[in-house]
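The chain is numbered in sequence order, starting from 1. Start at 1 and go down the list; that is how both ligands and their atoms are numbered. All values derive from a computational prediction rather than experimental measurement.
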Amino acid sequence: MTMLAVERENAYQLKTYKKFPLTVERGEDVWLYTSDGERYLDLYGGHAVVVTGHCHPRVVDAIRAQAERLIFYSNLVYNDVRAEAAQRLMDVAPAGLTKVFFVNSGAEANENALKLARKLTGRPGIISFEGGFHGRTVGALSATGIKKYRAASGPLLPDHYFAPFGDLEKTATVMNEEIAGVLVEPIQSLAGVRLASAEFYQGLRRLCDEHGAMLMYDEVQTGFGRTGEFFFTPQYGVTPDMITLAKGIASGVPMGAVLVSDRIAERVGYGDLGTTFGGGPLACAALRATIEVVQEDRLLENVRAQSDYLREQLASLNDIEEVRGLGFLIGIQFKREASIYQQHLLANRILTGLSDDPYVLRLLPPLTLQRRVIDYFLDTLSEIERELT
Ligand SMILES: Cc1ncc(COP(=O)(O)O)c(C=O)c1O
């Protein structure tokens, strides 16, 4: 590890993250290269971001070409790349969602969705779910159902209500004519990769329709191919009124988006929403290239095939209680604390993620992950299992 980078970051950067003890210099597909010349397998996908793998050549070319033409101008002007990126995004968006507002992060996407729900219904209330994570800004945090993130932030926004994830009956008890919208993370990733039943999502749609509230899916993690489809929507035949996106949509160039239905779009006017950087040409070039790579490299098919294989193999390991999730959003519930396995995997130069559930290890690899690399991971995990018994 280059001491210089470690010492300097520690000296000059706020200590907000417990970092992996490595200094990453370069990335290529599922691999990272450190300053010590070591190679790591990145099954955490650059924090669930690099859907096309690290530095996909076509994404790099698109960013380089755009940087030479125009790095930035805001939405105050028209731009050919933004126009094409918006059209391409709406071409792959679930039917029923027709327009996009570009932002810069997941939290910002959720802030804007919450704001639109409140503005367009004229109501104050928001329902979200215990275990859901929506970001660190005050509005997004007010909807986040994990206590440790809310703690010590002072008073959060009023009129936020929580229900247990997956429990439609309890959700119905907090629904009324003062509720503007329901914000749900369709697969609760940080909570330990938890899914609800089809009836829950369908019931949320019904409940929102009955009470004139908006249904918002936070697809910051589930979007852009992670589940083996472009989006979690329209799983179970449910289409929300808004979808929020971020993480991998521009392969690591910061970008978020709010997708909305026609019904919402026609009621949004000049000045209702704003952001300086949202929809900048550089990010839009990366978004357009990301969509092309997902389609042309058939990454959705790859996720479906490799995920089935990976889960099947994982399920046969002794130390594993359950394998949860969809596609390449995988939660492995161990019989012992997941951090033990994470540390051993790290010692074997494989990066994985923890979750809010101490027994669940998360894999959020690039969508490009291939079978031979999966076998390498499985062999390493079996070896660790043997060492630990
Ligand atoms: C489901 C979900 N929503 C929102 C966010 C917040 O995104 P950002 O960190 O880009 O603000 C995250 C980040 O991890 C997330 O996983």
Side-chain angles (χ1 to χ4, degrees), residues 14 16-19 44-51 101-115 117 126 128-146 148-150 153 156-157 160 162 165 181-196 201 215-227 231-233 235 240 242-259 275 277-280 283 286-287 290 324-331 351-357 360 362-365:
L14 277 179
T16 53
Y17 276 84
K18 225 182 238 168
K19 298 173 195 257
Y44 199 41
H47 214 132
V49 166
V50 291
V51 299
F101 179 64
F102 287 123
V103 293
N104 304 284
S105 69
E108 193 187 358
N110 286 325
E111 292 285 338
N112 281 284
L114 294 170
K115 185 175 159 184
I126 298 293
S128 54
F129 297 92
E130 289 158 17
F133 181 79
H134 301 292
R136 308 291 195 114
T137 53
V138 173
L141 208 51
S142 299
T144 288
I146 303 178
K148 90 172 177 217
Y149 296 103
R150 299 163 58 85
S153 298
L156 293 170
L157 296 181
H160 275 261
F162 290 93
F165 182 62
V182 173
L183 178 62
V184 62
E185 193 190 346
I187 301 178
Q188 290 193 332
S189 177
L190 194 56
V193 187
R194 301 194 309 174
L195 263 151
Y201 304 98
L215 180 60
M216 296 166 274
Y217 272 11
D218 176 340
E219 291 223 44
V220 167
Q221 284 212 24
T222 56
F224 259 63
R226 179 132 319 271
T227 63
F231 298 91
F232 180 89
T233 310
Q235 188 93 242
M242 290 186 245
I243 291 177
T244 56
L245 297 171
K247 292 283 191 200
I249 71 171
S251 290
V253 176
M255 187 177 221
V258 187
L259 311 185
T275 171
F277 288 117
L287 167 65
T290 302
R324 290 199 291 272
L326 270 182
F328 276 170
L329 172 40
I330 297 178
L351 299 186
T352 55
L354 293 175
S355 74
D356 201 48
D357 180 332
V360 175
R362 281 185 303 159
L363 307 182
L364 293 137

Donor-acceptor side-chain pairing of [X] and [Y] below 3.5 angstrom:
X    : Y    : value
S251 : T290 : yes
R150 : T144 : no
E219 : T233 : yes
T275 : E108 : yes

Exercise. Out of curiosity, L364 CG to L351 CG, how far, rounded to the nearest 0.5 Å?
Worked result: 12.5 Å

For this session: Compile the protein residues with any heavy atom at a distance under 4.0 Å from an atom of ligand 1; present them by chain, then by number.
Result: S105, G106, A107, N110, F133, H134, G135, E185, D218, V220, Q221, K247

For this session: Could you pull out all residues at least two apart from R194 that satisfy salt bridge (charged side-chain N to carboxylate O under 4.0 Å, His left out)?
Result: none

